[in-house]
Every structure is written in C-alpha cells, then in structure tokens.
Protein chains: 2
Amino acid sequence: MTAISPTSQKRVAVLKALAHPTRLLLTERLMQGELCVGELRDLVGDDVSTVSKHLLILRHAGVVACQKRGLNVYYRLACECFSDFLQCVDQVCPPPAMAGSGAGVCC
Amino acid sequence: MTAISPTSQKRVAVLKALAHPTRLLLTERLMQGELCVGELRDLVGDDVSTVSKHLLILRHAGVVACQKRGLNVYYRLACECFSDFLQCVDQVCPPPAMAGSGAGVCC
DNA sequence: AAAGCGCTTGGCTATTTTGCCAAATAAGCA
DNA sequence: TGCTTATTTGGCAAAATAGCCAAGCGCTTT
C-alpha cells in the first residue's frame, strides 16, 4: 500500500501520454521539426478532432508545446532530449529489429 | 495514415507497461533487488491476482524477468539500465519536485 | 497421498480511454 | 460585415483496461 510519490505521478503522466501508437508517432515525427495540426492529421489519418485531443494530452504531459501563427497552430517538442529518451526506451529491452545490433546493452 | 513501425510498436509496449502507477511502483522497487510476488503484493496493497497480472504485463514487455525458487516466484528487472531510463523520463519534463534543481536540462 | 502455501488463470463488472460527429471558437479575407 | 479555413470542445457509443473473487496448478511438507 505504498503511496505514489509526486515524482512517480509525473512519470506516469509522461509515460501514459506516450503509450499510444498515434501519440508516439506524432511525437516521433515532431523530432524532425514543427508541424501544424492539419499536417499531423494527414500523417496519422485520424479525424482532426481526434488528433487535436491527442495533442492536448501530449501538451498536458509537457511533451510538446504549441504556438498559434495565423490560422494554424504549430506543434513542436517541448524539449530536444526526446531522442535520448527514445534510446532509453529501446535499451530497456531492444526491439526485435535491433536485437543483436549492439544497440541494447542489456537483456 | 503512416503505418506504425515494429520499433515503435515495441516502444509502445514498454511505455504502456510502465504507464500505470502500480506497475511503475513495482518496477521502481525492483531496482533495489529482486522480490517475490507476496512481497510485492504487500508493497502495493492490491489483491495477489491483480499484482500477478501487472507482473505479467511487465514481463511481456521485457521490463522484468522472473525465476521460480521453491514455492516462490522471484521477480527482478530484466535490465539494469532502468535507472537511466527513469532519468530520461524525468528530463522529458522535470517533475515539480525537481524543477529548478538543474536535474532537467530542458523545458 | 493429502494438505498447505504461493502464484496464476478465468470470469465478471466497473471504470477509463478512444475516436467519431456535430457544434463552437478564432483568425484571415472578400 | 459576412465567409472561409484551422482548430478546439462537447457528447456519445465502442473498445480497452483494471481489479476483485473463485478456481486451478505446481511445490513442499507431513
């Protein structure tokens, strides 16, 4: 019955935000640079409203940030360390494609 | 409508496994060393069957591994790089408690 | 072999999440 | 001002997840 610490709560929020195929795809794509909602919708193929809600969740978790310019809202990563983060995820247990490539130091 | 890559699928599996307060707590605790299911149940306070199912999810994602010894099943982290992983999570956007401590390089 | 202990699995309900449509809002343009 | 475009919000039904109880299974001990 150990209580959950504020730090762990924040971790869960970030992890939850990224633990969805569409939201991870959006975030991975934003590593290449900012995009507006319409462009992101084309990328994932969902309804715009759905994409907008996914982006809200990512924003809420502090993963992405946005800026309105004219009619468009441009989204970008809230921090550049995201590629390091993905490398860490892959190292927890390397994905099949990378197994044996030496990329994962454990498992 | 971009398809999800096998690598991203694996990432989602890992992230999903950890994106639950109880499962994150279990995993954080296993950083200190292996424990059996009964001990982990005492830690989180849920029903044993619930804990067992959480552990199955973590095992399936490759986060933890287990070994049966006598009557008990002992769980441990599948790889030692997990503390690095947590640091990465915290850096995506530092938790309130660590904000301003210099621990997070971005946001 | 029978009973006890630790864990897992099956099954069920409650809760949460997802994703669509429709409507509302905001900003540029005729 | 009114129209069009880009995005967000509300609301709902479908799907996924969580957590409890009960039953099953494998070891160990007697």
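Residue numbers start from 1 in every chain, and the chains themselves are labelled A, B, ... in the order their sequence lines are given, proteins ahead of strands.
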Compare all side-chain heavy atoms of [X] with those of [Y] and state whether any distance is below 4.5 angstrom.
{"X": "Arg29(A)", "Y": "Leu35(A)", "answer": "yes"}
{"X": "Arg23(B)", "Y": "Lys16(B)", "answer": "no"}
{"X": "Phe82(A)", "Y": "Met31(A)", "answer": "yes"}

Distance-only, no hydrogens or angles: does the Thr2(B) side chain make a donor-acceptor pair with backbone N or O of Leu43(A) under 3.5 Å?
-> yes

Value in whole Å for how far the [atom2] atom of [N] lies from [atom1] of [X]:
{"X": "Leu40(B)", "N": "dG6(C)", "atom1": "CG", "atom2": "P", "result": "14 Å"}
{"X": "His60(B)", "N": "dT8(C)", "atom1": "NE2", "atom2": "P", "result": "15 Å"}
{"X": "Leu26(B)", "N": "dA18(D)", "atom1": "CG", "atom2": "P", "result": "12 Å"}
{"X": "Asp47(A)", "N": "dT7(D)", "atom1": "CG", "atom2": "P", "result": "13 Å"}
{"X": "His20(B)", "N": "dA16(D)", "atom1": "NE2", "atom2": "C1'", "result": "13 Å"}
{"X": "Leu55(B)", "N": "dG19(D)", "atom1": "CG", "atom2": "P", "result": "13 Å"}
{"X": "Leu56(B)", "N": "dG10(C)", "atom1": "CG", "atom2": "P", "result": "10 Å"}
{"X": "Leu25(B)", "N": "dG19(D)", "atom1": "CG", "atom2": "P", "result": "12 Å"}

Next on the checklist: I'd like to know if Ser49(B) reaches the base of dC7(C) with its side chain such that a donor and an acceptor end up less than 3.5 angstrom apart.
Outcome noted: no

Can you tell me whether the side chain of Lys68(B) and the base of dG6(C) have a donor-acceptor pair closer than 3.5 Å? no

Can you tell me if the side-chain N/O atoms of [X] get under 4.0 Å from OP1 or OP2 in [N]?
{"X": "His54(A)", "N": "dG19(C)", "result": "yes"}
{"X": "Thr50(B)", "N": "dG19(D)", "result": "no"}
{"X": "Asn72(A)", "N": "dT7(D)", "result": "yes"}
{"X": "Tyr75(B)", "N": "dG6(C)", "result": "no"}

Taking for Thr22(A) and for Arg69(A) the nucleotide of DNA chain C with the nearest heavy atom, the one nearer the 5' end belongs to Thr22(A)

Ranking Lys53(B) and Cys36(B) by the position along DNA chain C of their nearest nucleotide, the one closer to 5' is Cys36(B)

Leu71(A) has its side chain closest, among dA6(D), dT18(C), dT9(D), to dA6(D)

Against the side chain of Arg23(B), the closest entry in dT8(D), dG19(C), dA18(D) is dA18(D)

Output for pair (Thr27(A) OG1, Arg11(B) CZ), nearest 0.5 Å, gives 11.0 Å

| task | Determine the contact category for Val37(A): base if any of its heavy atoms lies under 4.0 Å from a base atom, sugar-phosphate if only primed atoms, P, OP1 or OP2 are that close, otherwise nothing. | result | sugar-phosphate

